[in-house]
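Only this structure's heavy atoms are used, side chains among them; waters, hydrogens and symmetry mates stay out. Each chain gets a letter, A, B and so on, in the order its sequence line appears, and its residues count up from 1. The model shown is predicted, which means the values in this text are computed figures rather than measured ones.
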Protein chains: 2
Amino acid sequence: MTRDYRPAYQRVLDDLQERIAAGDLKPGDMVPSEGELAEEHGISRGSVRGAIRVLRDTGIVEVIRPKGTFIRTPPTRTVREPSSRYQWEKDRALLSREERLSTGASEKESGLDTADLEFSAKYEKTISDEYISGRLGVEEGTQVLKRTYSTTSIKSGSVIGRSNSYIPLDIVDGNPDLLDDRNEPWPGGTQHQLSTVGVEVDSISDRILARVPTVDERESMKIPEGTPLFVIEKTSIDIAGRIVEFSSILLPADRAELKYSIPLKRWKKGQHAGN
Amino acid sequence: MTRDYRPAYQRVLDDLQERIAAGDLKPGDMVPSEGELAEEHGISRGSVRGAIRVLRDTGIVEVIRPKGTFIRTPPTRTVREPSSRYQWEKDRALLSREERLSTGASEKESGLDTADLEFSAKYEKTISDEYISGRLGVEEGTQVLKRTYSTTSIKSGSVIGRSNSYIPLDIVDGNPDLLDDRNEPWPGGTQHQLSTVGVEVDSISDRILARVPTVDERESMKIPEGTPLFVIEKTSIDIAGRIVEFSSILLPADRAELKYSIPLKRWKKGQHAGN
DNA sequence: GAGTGGTCTAGACCACTGT
DNA sequence: CAGTGGTCTAGACCACTCC
């Protein structure tokens, strides 16, 4: 007689994964309750919970309390494509107000409906701490404009992205409109805002990290378990070589993907096939 | 009298986080054992385990069995900078064999020692499935060269990255050397390999996702709990507009960061300050 | 009131390592 | 051998929603 040496919770896990793979459990379906599964397998509820936790932590199921545990529907991903988006924003900064009004910034991201997006912004003057100073290349204690943005999908109630943007105050204080968050959403975005104080952005550099969200972030952005967070640190440099803006952008990785295109310089004629 | 309404495991969690924040528990230190913590707080071991799980899942502690639970030392991150790296690789494809030999590909990534890196490659002819066909823009069932790469840090024994690369076979079968993995590591990398069959890469597009690793990936790449996985889907397009290579690259996010620079076109003279 | 998952207890046995 | 975390049990009470 062959015994089954797998731990009890592993047997439940394998069983559920088989049912999902076989299509017996489809997205939206409720997983049998913990009590039922315990009885089915002749084990205690604690062990069943171990199996369910693995499925939750890998984003396969979602607990909706107190209804039950359900197979998750994979969310649609919003594509963020900085390599073309940043240039598009720069081109737009030269257009008239009417032309800029006709298209927004976040609507450029595909996969989502404009009408479904809710946008909020808050401005605040503050003093740069060690971290922000390092990123902006200014002295600690320098006055900066801190702008906090949040984009939410109304339908799903989930946050698409959230960002903190920092600009040295002396760059923007020539235009009082730039210090007032009632002017948001600003048609044309940051690059147009900067253009009103004579700043032309020359290049933008993105640093990308991924990590597990903190408990606070999970709750405030309604991120399900098993979903990492993209952290994009965006640095804008103007044609004089100054850092004119730094943003830290948080994107839940189950609803975002990033895309960068890198064009390469052409070889000169007849140059290929180095030996 | 004020009662403490937090769940028991939450109290242990908060306590441990305070001790870490205060510096009482530093990287490398052992967290008190589950039994000790249970006694300290007058609760059962099961509740203590709940607190420890949160810390493990957010990458703060690491369990080394059967020694104990320890505060993790944040690993050094390897910077991957595709926007300059791809151009650098292209430039290198034109150099002589000696010049190409003098510098490797992965050594361009900063943060790691060349001598510490172990590299392995395996080639295999195969038939493209639906997914790969879609990515390469070829018909399902087309013959492709599949190349599997793995880079490991010898010292830490952990995998830095792993990738699967696919090239339509008709592109490379003109040069038998390209079908033989004994020629790896190939000085100059993929772009030089392609140059030997007359292919000049014109642009490369990276699609970036992040997700929680599967159990298999966690074990084979020695990824600690609480660490997401970067998935980079890299598509190379040649000057004729053909897709000449597709790779899927896995990078554990605790030891990687990505960096992309986007140069912007200059405005013409006197063009700023659109109204 | 019935059913769900969240939390908790007080025990238990196990595999593994280091002394 | 002692000490660690991994697994497990058989109960229990709770807050919440739906009917």
Side-chain angles (χ1 to χ4, degrees), chain A residues 3-17 25 28-72 157 215 218-219 222-226, chain B residues 3-16 19 25 28-72 157 215 218-219 222-226:
Chain A
R3 280 200 14 228
D4 194 340
Y5 288 104
R6 287 175 301 172
Y9 82 93
Q10 185 74 54
R11 292 197 300 269
V12 182
L13 179 58
D14 292 350
D15 170 44
L16 288 173
Q17 282 178 330
L25 288 171
D29 287 356
M30 182 178 154
V31 172
S33 77
E34 297 178 353
E36 281 178 62
L37 287 169
E39 203 171 350
E40 270 181 41
H41 289 84
I43 61 177
S44 75
R45 211 188 123 204
S47 302
V48 171
R49 282 179 66 75
I52 302 241
R53 179 162 42 240
V54 175
L55 294 175
R56 227 188 14 187
D57 288 353
T58 47
I60 294 168
V61 303
E62 176 183 16
V63 173
I64 302 180
R65 246 202 350 169
K67 292 187 175 172
T69 302
F70 299 83
I71 309 288
R72 268 184 71 192
V215 176
R218 268 232 318 280
E219 284 168 5
K222 293 201 185 129
I223 304 173
E225 315 256 351
Chain B
R3 276 193 24 221
D4 194 341
Y5 288 104
R6 289 175 301 171
Y9 82 93
Q10 185 73 56
R11 291 197 301 269
V12 182
L13 179 58
D14 291 350
D15 169 44
L16 288 173
R19 291 202 218 175
L25 288 170
D29 285 357
M30 182 178 155
V31 172
S33 77
E34 297 178 353
E36 280 177 65
L37 287 169
E39 203 170 349
E40 270 179 41
H41 290 84
I43 61 176
S44 76
R45 210 187 124 207
S47 304
V48 171
R49 283 180 65 74
I52 303 247
R53 181 165 38 243
V54 174
L55 294 176
R56 227 189 13 187
D57 288 352
T58 46
I60 294 168
V61 303
E62 176 184 16
V63 174
I64 302 180
R65 250 205 348 172
K67 291 187 177 171
T69 302
F70 299 83
I71 309 287
R72 268 185 70 193
V215 176
R218 268 232 318 280
E219 284 169 3
K222 293 201 185 129
I223 303 173
E225 314 256 350

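- Using a 4.0 Å heavy-atom cutoff across all strands shown, B:Gln10 reaches no nucleic acid atom at all.
- Listed for the B:Arg45 side chain is no donor-acceptor partner under 3.5 Å among the backbone atoms of B:Ala38.
- Within 4.0 Å (heavy atoms only), B:Ile52 reaches no atom of the nucleic acid at all.
- Side-chain atoms of A:Arg218 do not come within 3.5 Å of backbone N or O of A:Pro224 as any donor-acceptor pair.
- Considering A:Thr69, A:Ile60, A:Leu55 in turn, A:Thr69 is the only one that fulfils the side chain to side chain contact (heavy atoms under 4.5 Å, CB included) rule with A:Val31.
- Using a 4.0 Å heavy-atom cutoff across all strands shown, B:Arg56 reaches sugar-phosphate atoms only and no base atom.
- A 4.5 Å side-chain heavy-atom check between B:Val63 and B:Arg56 finds at least one atom pair inside the cut-off.
- Under the 3.5 Å distance criterion, the side-chain polar atoms of A:Ser47 are left unmatched by any main-chain donor or acceptor of A:Ile43.
- A heavy-atom distance below 4.0 Å to DNA chain C is reached by these residues of residues 62-72 of chain B, ordered by number: B:Pro66, B:Lys67.
- For the pair B:Ile64 and B:Phe70, the minimum side-chain heavy-atom distance is below 4.5 Å.
- Mapped onto DNA chain D by nearest heavy atom, A:Ala8 and B:Gly35 fall at different nucleotides, with B:Gly35 at the one closer to the 5' end.
- Of all nucleotides in DNA chain C having an atom under 4.0 Å from a heavy atom of chain B, the first and last in 5' to 3' order are C:dT7 to C:dG18.
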